[in-house]
There are 2 protein chains.
Amino acid sequence: MTTAPKSGRKMIRVVIAEDQVLILGALAALLEIEGDIAVVARARDGQEALAAVLAHKPDVFITDIEMPHLSGLDVAAELKRQRTGTRVIIVTTFARAGYLRRALDAGASGYLLKDSPAEKLADAVRRVHQGLRVIDPELATEAWSEPDPLTDRERQVLRLAGEGTASGEIAEQLRLSEGTVRNYLSEAISKLGANNRVDAARIARAKGWL
Amino acid sequence: MTTAPKSGRKMIRVVIAEDQVLILGALAALLEIEGDIAVVARARDGQEALAAVLAHKPDVFITDIEMPHLSGLDVAAELKRQRTGTRVIIVTTFARAGYLRRALDAGASGYLLKDSPAEKLADAVRRVHQGLRVIDPELATEAWSEPDPLTDRERQVLRLAGEGTASGEIAEQLRLSEGTVRNYLSEAISKLGANNRVDAARIARAKGWL
DNA sequence: CGCGACGCATGACATTTGTCAGGCGCATCC
DNA sequence: GGATGCGCCTGACAAATGTCATGCGTCGCG
């Protein structure tokens, strides 16, 4: 289907992380049919992924963002901190500027959307392995648009509020007073130009800030 | 990797529909490595899928639920109506009783979660092709449990409320009085055992009722 | 026919939410 | 060392939300 040198040596060694096992297997199959790429390990969540990468020291690490325990972004950041030299490609459903920004901050070399063509994945692996950067064109443009205006607290509070947690509950969980919680929400609502807490949470989620 | 008869004849002919192209390609790759399955067409949305199935008359049609234009459930229902004889397998992220129920009503023969093991997919194709039914075990039990307790109006109101639309807005959009909207929400909240409208919407979504 | 669901509506009330104006302590940065 | 920003808090008020009781038509069903 694509360029595929047959030599047994010089294979690009890859670790994949993805929480939906069926998709994980499918992605692995997609890469395995390329003659120059070898999937050396698979992981179902962030912790497994981190362990697998540290153990196998692959050339390239492909990961989803939303996973149990540790997000793909967290794993990428940790790998950057540890200077493992493994290049990271984020593969996700979400075309959100905030996610891309965080991905790049976390030292990722690639950012691919799950609705880009299938051949792109193997291509991306090869390019990233050569030291190039691969950003999905759909994101590349709007990437550095609005930065996240929310503070950490506002984010925490908004996340809970968006699930229907009442102010009192939120206050308890975060060890804040209820008034403070309402203040943060009010701030977030005004920053995002929303009509109420739920609207604000929806907007923040859409931008990838949540 | 699995049983794979090499004969050129008697291949199981499959059409796959999935809106995330990368996943579509990956799933196809996963099936192609099985010697007895041939992917004869791929579709990116419900309309393409319907056309492809009618054109190719495959043995098995594998589809996601959430797709543009027509959902996988809609396509399944239409195929049932037209008595094409093609068996349908739903592959989705969501372990929601409501979805499974609707899938079975729509005549689907299989319901698989994206986080079941990868080998299950080819297995499911073979079983369904033989006329068997394949339901993901995680769903099979709770499947025929609670039926949706919400009335149509409650559903409509709850959907909007869950996006942060204020009562007054909802009233306008649905041509109801604001008091009535609050009544429906109150009803829904109590039926679902929720704490407030947002919580109710969250619960309803999780059950696949929304 | 009459009964019971359902859709829609009031009005009144308690509670939660959203907004504003402050105030306190603690960093950080000229 | 003072300005500035941030996190956290208070209190008070207006607006939105949630709850109840109650009422009225209109169906469909036994």
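Order of the sequence lines fixes the chain letters, A, B, ..., with proteins taken first and strands second; residue numbering starts at 1 for each chain.
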Output yes when at least one side-chain N/O atom of A:Tyr184 is less than 4.0 Å from OP1 or OP2 of C:dG18, else no. no
Picking from D:dG7, C:dG18, D:dC9, the nucleotide nearest the side-chain atoms of A:Thr151 would be D:dG7
Atom-to-atom span, CG of B:Leu176 to P of C:dG7 - whole angstrom: 11 Å
Under-3.5 Å N/O pairs linking protein and nucleotides 19-21 of chain C:
from: C:dT19; atom 1: OP2; to: A:Ser186; atom 2: OG; distance (Å): 3.0
from: C:dC20; atom 1: N4; to: A:Asn183; atom 2: ND2; distance (Å): 2.9

Taking atom C1' of D:dG7 as reference, at what distance in whole Å does atom CZ of A:Arg175 sit? 17 Å
How long is the line joining CG of A:Asn196 and P of D:dG18, in whole Å? 10 Å
Find the distance A:Gln156:CD to D:dC6:C1' and express it as a whole number of Å. 14 Å
Check ion pair A:Lys114-A:Glu18 (N to O, under 4.0 angstrom): yes
Rounded to the Å, how far apart are B:Glu154 CD and C:dA5 P? 15 Å
Distance in angstrom units between A:Asp199 CG and D:dT17 P, rounded: 11 Å
Measuring only between side-chain heavy atoms, which start at C-beta, is B:Ile62 closer than 4.5 Å to B:Leu27? no
Strictly below 4.0 Å: does B:Ser177 bring a side-chain N or O up to OP1 or OP2 of C:dT10? yes
Taking B:Glu48 for its side chain and B:Asp45 for its backbone only, find out whether a donor-acceptor pair lies under 3.5 Å. no
Please report, rounded to the nearest Å, how far the P atom of C:dT16 is from the CD1 atom of A:Ile170. 13 Å
Looking at CD of B:Glu169 and CD of B:Glu163, how far apart are the two atoms once the value is rounded to the nearest 0.5 Å? 11.5 Å
Between A:Lys80 (side chain only) and A:Asp105 (backbone N and O only), is there a donor and an acceptor less than 3.5 Å apart? yes
Checking all strands, does B:Ser167 fall into the base, sugar-phosphate, or nothing category for heavy-atom contacts under 4.0 angstrom? sugar-phosphate
Find the distance A:Asp152:CG to D:dG5:C1' and express it as a whole number of Å. 15 Å
Salt bridge present between B:Lys120 and B:Asp123 (N-O < 4.0 angstrom): no
At under 4.0 Å, does any side-chain N or O of A:Arg197 touch on OP1 or OP2 of C:dG18? yes
Less than 4.5 Å apart, side chain to side chain, heavy atoms only: is that true for B:Gln82 and B:Leu54? yes
